[in-house]
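Everything on this sheet refers to the single structure shown next.
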Amino acid sequence: MQEQQILGIDVGASGIKGAIIDVSTGELLTERLRLETPKPATPDSMAETVAELTKALDYKGNLIGVGFPAIVKNGKAQTAANIDPSWIGADIEASFGKSTGKKVVALNDADAAGLACVKFGVGKGVKGTLILITIGSGLGSALFTNGRLVHNTEFGHIHMNGMIAEHYASSNTRKKEDLSWEEWGARFNEYLHHIERILSPDLILLGGGASKKFELYDEVIDVNTAVKPAELKNTAGSIGAAYYAWKVAQKKKKKKKK
Ligand code: BGC
């Protein structure tokens, strides 16, 4: 049982959030704790915050799952759109592993949130193409075909109106340009039309902070695909990260036995 209780950490550009998760049900076993992301958000400063969070949650397990706001390949960050550029090429798993003294498994933050929705939320059992868009400091994406994740899709970085989509339609932009929910919603709707054209999805889920305010811009969304807020909202990233780490650890164990 103990080994199904995994700490999931959702690293974001503004906050680092974590909770201990029962990965067999997706339930939170502790409160969800949030610490401010240090500025500048460098590997060293963030590793310290992650260790602080792990301590504060009194986590006794050995495995931590981390959702990270970048392309993540083999545990390393490949990009750094909303964090310090010194992350590019840096080893997330090694750096957080060293500061916490635990085994860390990392994946993209939106991919982690998507996994939670598909395993435990509104995305469960959805056939065909499902895309989750997380709306926060940036725009994150998680793409699933028949429940299978395609890692690191980064659809927040497609170009539209001569700029990167997340510079046009993220929550950061809404705040920076002081857009009303309707004005921002119209931009986001344009973005969803692009996504629809590229992917012809069967379902679009929305995650991140702005998904909690869906009723404020729901009316201006007119894509043909069904659009739903992901009900796990702010906890999805931590749940999905913990679940993913557990799955990876299980696979490794099985391989060793063979
Ligand atoms: C990053 C993505 C991330 C998204 C949400 C984007 O700026 O490039 O990797 O998933 O923000 O945090």
Side-chain angles (χ1 to χ4, degrees), residues 10-17 32 34-37 39 41 67 69-70 81-83 108-114 116-118 120-123 126 129-144 153-240:
D10 182 13
V11 175
S14 60
I16 298 184
K17 297 134 293 193
R32 172 184 168 275
R34 180 187 189 279
L35 297 177
E36 287 294 314
T37 302
K39 303 266 177 293
N82 291 306
I83 46 175
N108 171 264
D109 59 347
D111 286 344
C117 295
V118 162
F120 306 111
V122 268
V126 173
T129 303
L130 180 160
I131 177 136
L132 167 82
I133 305 291
T134 62
I135 314 156
S137 304
L139 287 179
S141 64
L143 178 68
F144 293 82
T153 46
E154 292 286 334
F155 286 120
H157 287 258
I158 58 173
H159 284 244
M160 55 185 293
N161 302 328
M163 62 175 108
I164 293 169
E166 75 175 11
H167 292 168
Y168 184 65
S170 65
S171 286
N172 261 10
T173 305
R174 181 181 59 74
K175 290 173 195 160
K176 250 193 223 157
E177 297 186 24
D178 198 21
L179 302 173
S180 68
W181 280 103
E182 267 205 350
E183 286 168 326
W184 173 81
R187 286 189 183 196
F188 188 66
N189 184 47
E190 249 182 86
Y191 172 67
L192 290 186
H193 275 279
H194 274 268
I195 291 292
E196 194 172 48
R197 248 173 262 138
I198 302 169
L199 296 170
S200 302
D202 297 287
L203 177 64
I204 298 174
L205 295 180
L206 305 183
S211 69
K212 287 189 285 186
K213 306 274 186 195
F214 187 52
E215 75 282 359
L216 299 179
Y217 55 92
D218 180 15
E219 282 209 344
V220 296
I221 305 291
D222 67 357
V223 286
N224 290 319
T225 315
V227 179
K228 287 185 195 167
E231 44 192 23
L232 297 163
K233 294 178 182 131
N234 277 345
T235 54
S238 302
I239 297 171

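As the structure is a computational prediction, the values presented were derived from the model and not from experiment.
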TODO: Enter the distance from Ile131:CD1 to Phe144:CZ here, rounded to the nearest 0.5 Å.
DONE: 9.5 Å
Open item on the list: When you compare the side chain of Glu166 with that of Asn172, does any pair of heavy atoms fall below 4.5 Å?
Closed with: no
Open item on the list: Tell me if a side-chain donor or acceptor on Asn189 pairs with a main-chain N or O of Asp222 at a distance below 3.5 Å.
Closed with: yes
- [ ] Report the residues that fulfil side chain to side chain contact (heavy atoms under 4.5 Å, CB included) with Glu190, sequence neighbours left out, ordered by chain and then residue number.
- [x] Met160, Asn161, Tyr168
Open item on the list: I need the Asn108 CG to Ser141 OG distance, nearest 0.5 Å.
Closed with: 7.0 Å
Task: Residue pair Ile135 / Arg174, side-chain heavy-atom distance below 4.5 Å - done: no
Task: Considering all heavy atoms, the nearest Leu132-Cys117 contact - done: CD1-SG, 4.4 Å
Open item on the list: Checking side-chain polar atoms at under 3.5 Å, does Ser170 have a donor or acceptor matched by the opposite partner on Thr173?
Closed with: yes
TODO: Would you please classify the geometry between the Trp184 ring and the Tyr217 ring as parallel, tilted or perpendicular, with 30° and 60° separating the classes?
DONE: perpendicular
Task: Flag, side chain of Thr134 to backbone of Gly140, donor-acceptor distance under 3.5 Å - done: yes
Task: More than 12 heavy atoms of other groups within 6.0 Å of Glu177 CD - done: yes
Open item on the list: As an exercise, state the distance from CD1 of Ile83 to NZ of Lys39, rounded to the nearest 0.5 Å.
Closed with: 10.5 Å
- [ ] Let me see the working for Lys228 and Ile204 under side chain to side chain contact (heavy atoms under 4.5 Å, CB included), right down to the final yes or no.
- [x] CA-CA 6 Å; Lys228 287 185 195 167; Ile204 298 174; over 6 Å; no
Tabulate below the donor-acceptor pairs under 3.5 Å that side-chain atoms of residues 194-201 make, not counting sequence neighbours, or state none.
residue: Glu196; atom: OE2; partner: Asn224; partner atom: N; Å: 2.8
residue: Glu196; atom: OE2; partner: Thr225; partner atom: N; Å: 2.8
residue: Glu196; atom: OE2; partner: Thr225; partner atom: OG1; Å: 2.6

Open item on the list: Please find the pair of heavy atoms, one from Gly240 and one from Ala116, that lie closest to each other, and give the distance.
Closed with: N-CB, 3.6 Å
Open item on the list: For the backbone of Gly12 and the side chain of Thr37, can you confirm whether one donor and one acceptor N or O come within less than 3.5 Å of each other?
Closed with: yes
Open item on the list: Within the structure provided, determine whether Asp109 and Asp10 are in side-chain contact (heavy-atom separation under 4.5 Å).
Closed with: yes
Open item on the list: Check Arg34 with Glu36, please: is the shortest side-chain N to carboxylate O separation under 4.0 Å?
Closed with: yes
Task: Exam field: side chain Arg32 to backbone Asn234, donor-acceptor pair closer than 3.5 Å - done: yes
Task: Heavy-atom side-chain contact between Leu139 and Phe188 under 4.5 Å - done: yes
Open item on the list: Please give me the minimum heavy-atom distance between Pro229 and Ser211, naming the atom from each residue.
Closed with: CB-O, 3.7 Å
Task: Exam field: side chain Asp202 to backbone Thr129, donor-acceptor pair closer than 3.5 Å - done: yes
- [ ] Decide if atom CD of Glu219 counts as having more than 12 heavy atoms of other residues, nucleotides or ligands within a radius under 6.0 Å.
- [x] no
- [ ] Enter the distance from Leu35:CG to Ile16:CD1 here, rounded to the nearest 0.5 Å.
- [x] 7.5 Å
